[in-house]
Every structure is written in C-alpha cells, then in structure tokens.
> 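My structure is below; once you've seen it, I'll send some questions.
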There are 2 protein chains.
Amino acid sequence: MTGTVPSRHQDIADDLRSQITTGRIQPGERLPSEADLADRYKVSTVTLRRALAVLQGEGLVEKIHGKGNFVRRPHRKIMYVGGWGTLDPWTAAEAALRVTVRSTTVQAYGHLTTLLNVPVGSPLAEFSCASHAGESPHGLARIYIPRDLAPVGDLDDASSCWEAATRFAVLSPAPAAVRETACARAPTPDEASALRIGHAAPVLGITRVATDVTGRIVEAALLVFPGDRVDAVFATHHMTQERQIQA
Amino acid sequence: MTGTVPSRHQDIADDLRSQITTGRIQPGERLPSEADLADRYKVSTVTLRRALAVLQGEGLVEKIHGKGNFVRRPHRKIMYVGGWGTLDPWTAAEAALRVTVRSTTVQAYGHLTTLLNVPVGSPLAEFSCASHAGESPHGLARIYIPRDLAPVGDLDDASSCWEAATRFAVLSPAPAAVRETACARAPTPDEASALRIGHAAPVLGITRVATDVTGRIVEAALLVFPGDRVDAVFATHHMTQERQIQA
DNA sequence: CAGTGGTCTAGACCACGCG
DNA sequence: GCGTGGTCTAGACCACTGT
C-alpha cells in the first residue's frame, strides 16, 4: 500500500475534476473566481491555485489572466501519423484547421547544421507554421529545407506558403526515408504562450528528418503539439513475408 | 519585444541552471538547503521552491525528501526505437540496465478490452516491469498478453520473467504489425514516485499494440519514460522503388 | 534528536481585461 | 475603476532521513 498523503490541493483538484468530467461544469464555462473557490473550500488562495495548476497540467482548465479559469473543450485527441504520410495526419479535424505560415531564408547554425547535415551558414528556407483548430492553437512547426531544394523566387508567395502548409501535414514528394524522434518536455515560454497552455503542461515534440534516395536530407521539421491534444501514431507493417529490414 | 515579466523565481532558476550547466555545481552534488538558498537569494522559501520546481521540471534537479536537492546526472538521452525491434532499443545503456518484473493474471477490464480487442473478463497475463539504469529508474512497462498466448504454467518462473524483460525491449517473435502511439503527459502520482520525478515533469507514454498475421492482437504494452531521459525514434524506409502506398 | 523537504496560511502588491 | 489572475512574503506545522 503506497501511503497516499492526503494533500488539500489534490483533494480540491479531484473534486473540481469530477465536477468537470461529469458535466456539472460545462466546457467553455468559467469557474468561480479563485477567491470564491478558496473561500468555498476554506483554503488559502495559494492552495487553491495549486489545485488549479494540477487541472491545468491535465489540460482540463485554461487560465486567462484578468478573465478567469475556463473549462477547456473536451479532448478530441488528434492523431499525428508518422511515416511518409499515406494517411492524412489531420483526418479528424482536417476541415476545421487553419494554418498560418511565415517563411524566410536563414543560414544554418547550431544544431540545424547537424540535423540537416549541411555546413554552417548554408542557406535554408525556413517555414514557421501555426495551425489553429477554431479558436485554440493546436500545433507549431518549423520546417527547414535546403534553399536549393525549395521553390525558387519569393518564399512568401502563395504557392510556397501553400506548399509549406501542406508539408506541415503530409510529405508530398515521398522521400526515401523518414526518421521521426518524439519527445515529451515542458514547453518553452514562447511555445507556452503560442499554444495557450501553461508552463507546466507537457508538449509532444517531434523532429522529422526526411531523406531522398541518395541519402541527402531534404527536410527537417520541428513540430510541437500540446500533449493533451495530440497523440502520435506510428505503424509498422510487416509487409508480406520476404521483407525484414536489417538482418 | 515580448515583455519579459520579471519573476524572481525564474531569475533564481536561471542562476542555478547556469551554475549547474557550467559545472560549478557537479552532477550528484547536493545543493545548499532550501532555507540557505532562500536566505542567500533573499526570498521566501516558497519562492525558492518554485525556482527549484522549474529545474526539477527540466530534469536538472532531483529532490529527495529529508535529504536535499541533488543535481541529476547529465541527460544521456536513451532512444526507444519503434517498429518491430530490429535494433536493440536500449543500445546506449544496454549493459547497465536492470529490469525487475512482477507478473500476474488479470481479467480484462475497461480500456484494456478495447486495446486488446477481447471481451470483458478475458484472462490476460500481466507483466509489470521497471527498468533501472544504475541508481535511477528509467522506464516502466505494463505488458498484457492474452493468457492462452502466454507461457503456460507459473508466470513468475524464471523463463517467463526473462521473456517479459526481453519483451520490454524487443519484440522477439516479430509480429505482423506494430502500432505505437506516443503521447506527452504529466505522470500519475504512482509513476512520479516510481520514476523519482516531480509531478510536473512530463513523461513520454507509448502504447504499443502488436498484431499477428491473422489480425489478432498478441500484445499490448503500456510504456512510460521520463521525458528528459528518453526519446522515441521511428524510422520509415521507403523500400526499393515499386512500393508507394496510395497514389 | 536535528536537519531536511512538503504543505499550508493570511495578507500584500502587481499586471491584465473590460466596461 | 473594478474584478480577475500572478507573484511574493513570513511564518507555522507536518513528514521523512539520518544519527
């Protein structure tokens, strides 16, 4: 028996959680003010805020400075599908997705050079994407492509942006190989504000590196998603019989 | 310019972080007591503890009740390799890994039934695994196998345990297909204490479902890793040429 | 026992959003 | 301006680890 230490803020979090999951407090609804809640539960505001922090970490509550605490819309978890994009990654919410793109040309630096395996200072096209599903932001992406492989001309024209937005979801010219690395971490302050999540809410980071048949890296994408909003799915089919990678 | 909000605990976290990363405080070393630090930085203990919480969330500091705050060993990030295990998942630390296994028979319930696609109450072999790399715990796994596919006889005998421990890392009888779902989330209280991480430190959860050629699910594994200790890698090779799924 | 972290309080002050 | 959340304080008390 693992001795569960009764902690007041956990109890309160549990209570509020059940009120949310049972629907007694509706999604989108505002909770009573922290002062009111602290009063109701007979605790100090600090303790009450700790309870809310728990729920925020679980993605149940969104705090908005100056306005209040709001119950988040139910987690319709969206799937990011790994591999080379045979399935549309955004199937579930495809229609409701709005993607904004900003593109520039940068020079390779730091770990970008190792990621893309290019020399320092090498020109890269950078696409910064943010996708929103309705109100709430739902994914960030920074995609880097060697400049000579990117569309010529103005990177900010319509077609380039469209391509980037598409790339965010699907790898259109199927590369020879894709290597994806997934990690769970806390968001950077930038990411936290861009995704409208708390500093404590975990994010799912995916680094995707695509290679062509010659082994050249044709794209590196750094994707970030709120942990409570998206899962990443990777399927490995064993083909018919003869194929078995390595050995 | 995004107005940086000066917050004392962040400043302190920054200061301590730099002292750690520059090696002024060595890995494994104990920090001064919270009271001392609070005194040194001229803040209240609460504020100082918030600073430490930040570092704990980043995996830089490990708190041990009654003993102190310790600098964690550097993050040698370990790779979990997706797919059906052609590469050893624990390459990096294989030698140093110690795995403990506890096995029982349970009846399918809740979402286990949907995961394994078996009726409620269906007998399952459950293997609870914990892997330790030296001192620090480094991964948890709960593996479920339909009872009739599991080794007959005592589940707790040596061979069964060995098999489970192996399964934790590699899928030995290569299944026809493997589907892995990765998510970033906060740890449950159990997981937090088992992994010796804070409630705020994100974990990487991987749900692995393996299917045989007939489409039957032969294994479901729920894996949990500290987010700062392991990344998951998924590689998709595009085979030779003829194969291109979907248009 | 002394020393450590863990939780909580009551109240202060600041920063944001909105009328 | 008012009501909201965000940060901080000084001090209390409890729980765990060692001797």
Side-chain angles (χ1 to χ4, degrees), chain A residues 1-16 28-57 60-72 135 189 192-193 196-201, chain B residues 1-16 25 28-57 60-72 135 187 189 192-193 196-201:
Chain A
M1 205 68 47
T2 308
T4 301
V5 178
S7 88
R8 197 75 186 90
H9 72 263
Q10 276 295 354
D11 294 346
I12 297 173
D14 292 347
D15 186 47
L16 289 174
E29 197 174 333
R30 209 205 79 175
L31 299 174
S33 78
E34 299 185 346
D36 285 356
L37 287 172
D39 199 51
R40 168 127 56 97
Y41 286 110
K42 300 290 202 352
V43 294
S44 72
T45 62
V46 190
T47 303
L48 185 111
R49 285 172 56 72
R50 278 229 251 166
L52 289 179
V54 171
L55 300 178
Q56 195 187 8
L60 287 174
V61 165
E62 177 177 1
K63 319 198 71 160
I64 303 184
H65 193 157
K67 295 185 68 176
N69 294 277
F70 297 82
V71 177
R72 274 181 105 187
E135 270 304 292
S193 64
R196 297 282 230 96
I197 59 177
H199 309 289
Chain B
M1 205 70 45
T2 307
T4 301
V5 180
S7 91
R8 198 75 186 90
H9 72 263
Q10 276 295 354
D11 294 347
I12 297 173
D14 292 346
D15 186 47
L16 288 175
I25 311 180
E29 197 174 333
R30 209 205 79 173
L31 298 175
S33 78
E34 300 186 347
D36 285 356
L37 287 172
D39 198 52
R40 168 126 57 99
Y41 286 109
K42 299 291 206 345
V43 294
S44 70
T45 63
V46 187
T47 302
L48 186 113
R49 284 173 56 72
R50 278 231 250 164
L52 289 178
V54 171
L55 299 178
Q56 195 186 7
L60 287 174
V61 164
E62 178 177 1
K63 321 198 69 160
I64 303 183
H65 194 156
K67 295 186 71 176
N69 294 277
F70 296 83
V71 178
R72 274 181 106 188
E135 271 303 292
S193 64
R196 297 285 229 95
I197 58 178
H199 308 287

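Remember, predicted model here, so these are calculated numbers, not experimental data. Residue numbers start from 1 in every chain, and the chains themselves are labelled A, B, ... in the order their sequence lines are given, proteins ahead of strands.
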> Output yes when a side-chain donor or acceptor of B/Arg8 lies under 3.5 Å from a complementary backbone atom of B/Tyr41, and no otherwise.
yes
> Report, one pair per line, the protein and nucleotides 2-6 of chain C atoms (nitrogen or oxygen only) whose separation is under 3.5 Å.
from	atom 1	to	atom 2	distance (Å)
C/dG3	N2	B/Gly66	O	3.2
C/dG5	OP1	B/Glu34	N	3.3
C/dG5	OP1	B/Asn69	ND2	2.9
C/dG5	OP2	B/Glu34	N	2.8
C/dG5	N3	B/His65	NE2	3.4
C/dG6	OP2	B/Arg49	NH1	2.5
C/dG6	OP2	B/Arg49	NH2	3.1
C/dG6	OP2	B/Lys63	NZ	3.2

> If we check side chain to side chain donor-acceptor pair (under 3.5 Å) with A/Arg49, which of these qualifies: A/Glu34, A/Gln56, A/His9?
A/Glu34
> If the test is side-chain contact (heavy atoms from CB on, under 4.5 Å), which one of B/Leu52, B/Ile197, B/Leu31, B/Leu55 qualifies with B/Lys63?
B/Leu52
> Can you tell me how far CD1 of B/Ile12 sits from CG of B/Asp15, rounded to the nearest 0.5 angstrom?
8.5 Å
> Tell me whether the side-chain N/O atoms of B/His9 come closer than 4.0 Å to OP1 or OP2 in D/dC8.
yes
> Within less than 4.0 Å of OP1 or OP2 of D/dG5, is there a side-chain N or O belonging to A/Thr45?
no
> Round to the nearest Å and state the distance from A/Leu37 atom CG to C/dT9 atom C1'.
17 Å
> Would you mind classifying the nucleic acid contact of A/Val43 as base, sugar-phosphate or nothing, using non-hydrogen atoms under 4.0 angstrom?
sugar-phosphate
> B/Leu48 CG to D/dC8 P: how many Å, rounded?
11 Å
> Which distance, rounded to the nearest 0.5 Å, do you find between the CG of A/Leu60 and the CG of A/Leu16?
10.0 Å
> Work out which heavy atom in A/Ala38 is nearest to a heavy atom in A/Leu48; give both atom names and the distance.
N-CD1, 3.5 Å
> Whole angstroms only, please: what is the CG-C1' distance between B/Asp39 and D/dG11?
14 Å
